[in-house]
Amino acid sequence: MCPDCEDFTRTVRMLGQLALYGDTAGADSDFIEIVGSSLAASLPEPPPGTFPPGYDPNEGPEYPGEGR
């Protein structure tokens, strides 16, 4: 596995674990906010093949309340 693939997978896994922790009783919301933001900002580029060719995350259907 390429180094970026490992980093991406590890970071996504930590974000998932943080989400699970956030659903526990007594979870520290300040910790979740700080660590979650840091993890999300540290995500490397997704490994090749994660998304289909030509995928643009900014394109898609209009959602309620989004008018042009």
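Positions are given from 1, in the same order as the sequence printed here.
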Check: Do Ser37 side-chain atoms and Ile34 backbone N/O form a donor-acceptor pair below 3.5 Å?
Finding: no
Note to self: Donor-acceptor pair, distance only, cut-off 3.5 Å: does the side chain of Tyr21 make one with the backbone of Gly16?
What the structure shows: no
Checklist line | Non-hydrogen atoms of Ala27 and Ile32 that approach each other most closely | finding: CB-CD1, 3.9 Å
Notebook entry, point to check: Do Leu15 and Leu43 touch side chain to side chain, with heavy atoms closer than 4.5 Å?
Noted result: yes
Check: Is a side-chain donor or acceptor of Thr9 paired with a backbone partner of Glu6 at a separation under 3.5 angstrom?
Finding: no
Margin query: A quick test of your reading: do over 12 heavy atoms of other residues, nucleotides or ligands sit less than 6.0 Å from CZ of Phe31?
Written below: no
Next item on the list: Find the distance between OG (Ser42) and CE (Met14) and round it off to the nearest 0.5 Å.
Entry: 6.5 Å
